[in-house]
2 protein chains.
Amino acid sequence: MKKPAASTIRNVAHAAGVSVTTVSRHLNGRIKLPAETSERIRAAVAKLEYRPNAIARRLSKGRSETIGLIVSDISYPFFAAIASSAEEEASRLGYSLVMFNSRNIAAKELAFLSRIDDAQVDGILLMTNHPDDGALVEKINACSNVVLVDEDVPGAMAPRLFADNRLGAQLATDHLLAHGHETIAFVGGPPALLSSRERFGAFKDSLKNSGLRVNPDHVFFGDYDEQSGLRAILQFAALDNPPTAIFASADMLALGILQGCRKLGITVPAELSLVGFDDIRNVDLLDPPLTAIHQSAEEFGRRAVGLLIDHINGAEIPDVAPVAVKLVVRHSVAAPRKAHWKLAGNASAENRPPARVGI
Amino acid sequence: MKKPAASTIRNVAHAAGVSVTTVSRHLNGRIKLPAETSERIRAAVAKLEYRPNAIARRLSKGRSETIGLIVSDISYPFFAAIASSAEEEASRLGYSLVMFNSRNIAAKELAFLSRIDDAQVDGILLMTNHPDDGALVEKINACSNVVLVDEDVPGAMAPRLFADNRLGAQLATDHLLAHGHETIAFVGGPPALLSSRERFGAFKDSLKNSGLRVNPDHVFFGDYDEQSGLRAILQFAALDNPPTAIFASADMLALGILQGCRKLGITVPAELSLVGFDDIRNVDLLDPPLTAIHQSAEEFGRRAVGLLIDHINGAEIPDVAPVAVKLVVRHSVAAPRKAHWKLAGNASAENRPPARVGI
DNA sequence: CTGAAAGCGCTTACAG
DNA sequence: CTGAAAGCGCTTACAG
């Protein structure tokens, strides 16, 4: 199955009547050759269809002009959007970007990071969900040239780029508060993650600033997926005093919540208000269009790549500003039912019928 | 910035008191060593934290145990889902999978394919939208070890894996027909693509079998994205005789159509029925839940990887069966308005008011 | 300025 | 069975 041996730099040198050294230097732009010589090389390259062997180059040079991106799940829309943007920026800066899917498996993350050792990649953008894995911290510190994106790995010595989680959560919560909600639930991802901690922290602070306290029954931590959102709403719906609003700290959670609401016959926003986080593509087409905290995947990818390439080139990385967030108001938030009843003065939250009404 | 030189196989050999050859052979399982010797090697590996240099291995061996996946846009949900599944299957079979984002740029596809030449990857899963690019065919044939996934590159000599496009389109069209629609529009992607041609072909056939003909005004080809869907519905809505139903040959197109309907005040399915294709995650949460042709991204990724690895290993690739499709009925299809009017006998399609009514 | 030669870290025919 | 040596295709200090 061997294909015809590809031509090598030796063949080119021979055909052009110069040394291998000269060809190499010329092709890498480290030398200025007489027009006639460089033309001979050009012709030889063309004739032999010479293409430098990148593997050989890496082995001797120790660089690949390639960067990697490790992601726990490429089919997670927000991650895919970041990956797409990162590729574009890398390309603009003369780098290739290869993407690795870790499926959230710590061992795969370590294996992918090891590709820095071989110079398979010059550096890596790491998006992980294993913040407290000791081996990971060690590996990152051994590798250098990794930048942490979206989630933290505490203790790792690496540049980091995160969203403004606290501001986002505050905007979301205040928006719900402004509509008169007083029993607001929080649905989060894995509690150890930076995003969960910061978003939940700001959520609590916002409630406190309004004189409210968080009800432990109204807090749910799971994974950042539809499943968890579904479980959360099922759990809330079974409560004697279900919340009138939910801050879902990821759109994928909101999706699961919406799914659950449909199953249970809860109408959003009439009976339950909902705000998401991420603002992934097409959430404006949901039923109802989702009000969400927007963070720019494009900015995430672009800035992360810039940071990494600067770092690879030995530049000092200054403190980096968080990725900006903003509230995008659509139609998944309304005034709480309870509030109306209060006005009417005829029912307390506790003894009203469960919030399960057909559409 | 050099990190402490990683240990090499020479260091290990030295520490274990054997030759480099022996270490290499032992580590690659080509040799059975006395327990005592292999233990010395194990200890040396552990002590020196030896990790084989994959780049050096590739250079001398010409294989990488890595496969690549080229995709035009990793943030396209259906593609991301395929990529995710492909990675899982590759991993199961002992291969790494790296993903390349081509942004639909032919030159990038060629460059990525060239990574086969260097043994950066042993083979490639190619998802392209450049079916008629002569250079691509040539490159694929030169590379061998590529398999075409989802779309064809006519003339290329490579195994292929496609969905059952014709059946899918037929199921979609017949479903609309069964609801009484007679003016059904087709919205497709780039007309040169296999998916567009097959889906449009089967659409036409289904109409013909019902004694209907396709109205050129009711056919729109664009890209497979929301933008194109939006443009299509805008164009249809301006017609004197807009369609009562649309077969959108990709969910992303359906998303754009839904967006347009919302803008124009067209209610789906009351005024316009819609069926999509792909059945990507969460289309059941749209407004309305989208009826769509389902194709399994999981099956696509899994089977494509199997095909590629068999091909790499020189196995004969038999004719491959298409990826199965099925109709998933949700709530974006209803009987046509026109049909009701006909029953009432008071208006023809031509002079009824345009289908633009507020919700 | 140019080129012969060593070296990057492996694998593997070849000889002992 | 084992190991010294050549080779994979580049880059680059070093000498001319």
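This is a predicted model, so every value here is computed, not measured. Convention: sequence-line order gives letters A, B, ...; per-chain numbering from 1.
Distance CG (A/L59) to P (D/dT12): 12 Å, rounded to an integer number of Å. Atom CD of A/E36 is separated from atom C1' of C/dC1 by 16 Å (rounded to the nearest Å). Atom P of nucleotide D/dT12 and atom CD1 of A/I31 are separated by 13 Å, given to the nearest angstrom. Atom CZ of A/R10 is separated from atom C1' of C/dA4 by 12 Å (rounded to the nearest Å). Going from atom CZ of A/R57 over to atom C1' of D/dC8 covers 17 Å, rounded to whole Å. Look at NZ on B/K61: it is 8 Å from C1' on C/dT11, rounded to the nearest Å. Across the protein-nucleic acid pair, B/L27 atom CG and C/dG9 atom C1' stand 13 Å apart, rounded to whole Å. Spacing between atom CZ of A/R25 and atom P of C/dA4 amounts to 12 Å, rounded to whole angstrom units.
By the 4.0 Å N-to-carboxylate-O rule, A/D117 lies close enough to A/K139 to be salt-bridged with it. Ion pairing of B/D73 with B/R103 is absent here, as no side-chain N (NZ or NE/NH1/NH2) approaches a carboxylate O to less than 4.0 Å. We find that A/E299 and A/R302 are not joined by a salt bridge, their nearest charged nitrogen and carboxylate oxygen being 4.0 Å or further apart. Ion pair A/R40/A/E36 flagged as a salt bridge, since at least one NZ, NE, NH1 or NH2 atom sits closer than 4.0 Å to an Asp/Glu carboxylate oxygen. At a threshold of 4.0 Å, the pair A/E87-A/R92 does not count as salt-bridged, since none of the basic side-chain nitrogens sits closer than that to a carboxylate oxygen.
The two atoms that bring A/T66 and A/Y95 nearest to each other are N-CD2, 3.8 Å, heavy atoms only.
Within the 4.0 Å cut-off from OP1 or OP2 of D/dT2, not a single side-chain nitrogen or oxygen of B/T22 is found. Considering only side-chain N and O atoms, B/S24 lies under 4.0 angstrom from the phosphate OP1 or OP2 of C/dT11. Under 4.0 angstrom from either OP1 or OP2 of D/dT12 there lies at least one side-chain N or O belonging to A/R30. Applying the 4.0 Å criterion to OP1 and OP2 of C/dT11, one finds that B/N28 has a side-chain N or O inside that range. Between C/dG3 and A/S19, a contact under 4.0 Å exists linking OP1 or OP2 to a side-chain N or O.
Distance from the side chain of A/V20 is smallest to D/dT11 among D/dC10, C/dC14, D/dT11. Set against C/dT11, D/dT2, D/dG3, the side chain of B/V18 has D/dG3 as its closest nucleotide. Of all nucleotides listed (C/dT11, D/dT2, D/dC10), C/dT11 comes nearest to the side chain of B/S60. Checking D/dC10, C/dG9, D/dG3 against the side-chain heavy atoms of A/I9 singles out D/dC10 as nearest. Taking the side chain of B/N53 as heavy atoms from C-beta on, and the options C/dC8, C/dC10, D/dG3, the nearest nucleotide is C/dC10.
If you find the closest nucleotide of DNA chain C to B/I55 and to B/T21, the one lying nearer the 5' end belongs to B/I55.
In this structure, B/L33 reaches the sugar-phosphate backbone alone: every heavy-atom distance under 4.0 Å involves primed, P, OP1 or OP2 atoms, never a base.
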Under the 3.5 Å Watson-Crick or G-U criterion, the dot-bracket string of DNA chain C, with | for inter-strand pairs: |||.||||||||.|||
Stepwise salt bridge (charged side-chain N to carboxylate O under 4.0 Å, His left out) test for B/E65 and B/R57: CA-CA 11 Å; B/E65 264 77 53; B/R57 184 163 211 273; 3.4 Å; yes
Criterion side-chain contact (heavy atoms from CB on, under 4.5 Å) on B/L97 and A/N101, from CA distance to verdict: CA-CA 8 Å; B/L97 180 108; A/N101 207 49; over 6 Å; no
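Interface remark: the A/R58 side chain does not form any donor-acceptor pair with the D/dG9 base, using a distance-only criterion of under 3.5 Å.
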